[in-house]
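Scroll down for the structure; my scribbles are underneath it.
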Amino acid sequence: MTQNSFVSSNAQFPTPDQVLILDTETTGLDIKTGQVIELGAILYSVKHQTTIKQYSTLLPAQNNPAEHIEPI
């Protein structure tokens, strides 16, 4: 694919002005035992290349096997 064909095919998909980025922290990757312990969100302006608003919160968990590494 040449650069010109890539640019013309991208013209079908306009760049959004803003994106919402979500992030989670978990106690593990096993869906049966892992729990979400933190949730974060960032509203980002693509046009201005800057964060508009951000939020994060800790969630209660039964246990956290990584607590000795990061005592949240």
Side-chain angles (χ1 to χ4, degrees):
M1 179 182 287
T2 65
Q3 185 171 354
N4 288 342
S5 64
F6 178 75
V7 170
S8 64
S9 67
N10 261 358
Q12 300 171 22
F13 304 104
T15 303
D17 290 335
Q18 300 173 356
V19 292
L20 180 63
I21 303 164
L22 299 175
D23 180 44
T24 58
E25 296 296 330
T26 65
T27 59
L29 298 177
D30 186 341
I31 61 172
K32 293 179 181 176
T33 59
Q35 290 183 277
V36 176
I37 57 172
E38 185 175 6
L39 176 65
I42 299 172
L43 182 59
Y44 184 80
S45 170
V46 176
K47 180 179 178 180
H48 297 102
Q49 299 180 358
T50 190
T51 299
I52 298 170
K53 198 106 168 161
Q54 60 187 15
Y55 172 82
S56 70
T57 188
L58 298 174
L59 302 171
Q62 298 293 331
N63 62 14
N64 182 0
E67 192 168 9
H68 67 283
I69 298 169
E70 184 64 50
I72 295 178

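Residue numbers count from 1 along this sequence.
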Taking all heavy atoms of Pro16 and all of Val46, pick out the closest pair and write down the distance.
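It is O-CB, 3.4 Å.
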May I ask whether Ile21 and Ile52 are part of the same hydrophobic cluster, defined by side-chain heavy atoms of I, L, V, M, F, W, Y residues being less than 4.5 angstrom apart, directly or through others?
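Not linked; separate clusters.
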How would you list, by chain and number, every residue that makes a side-chain contact (heavy atoms from CB on, under 4.5 Å) with Thr51, sequence neighbours excluded?
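If we apply the side-chain contact (heavy atoms from CB on, under 4.5 Å) test to Thr51, skipping adjacent residues, the hits are Ile42, Tyr44, Gln54.
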side-chain hydrogen bond (donor to acceptor under 3.5 Å, both in side chains) pairs, two or more places apart, involving residues 14-25:
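Sorted result for residues 14-25: empty, none.
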In Å, rounded to the nearest 0.5 Å, how long is the span from CG of Leu43 to CG of Leu22?
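One finds 10.5 Å between CG of Leu43 and CG of Leu22.
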Hey, can you pull the donor-acceptor pairs under 3.5 Å for the side chains in residues 29-37, sequence neighbours left out?
residue	atom	partner	partner atom	Å
Asp30	OD1	Lys32	N	2.9
Gln35	OE1	Gln62	N	2.9

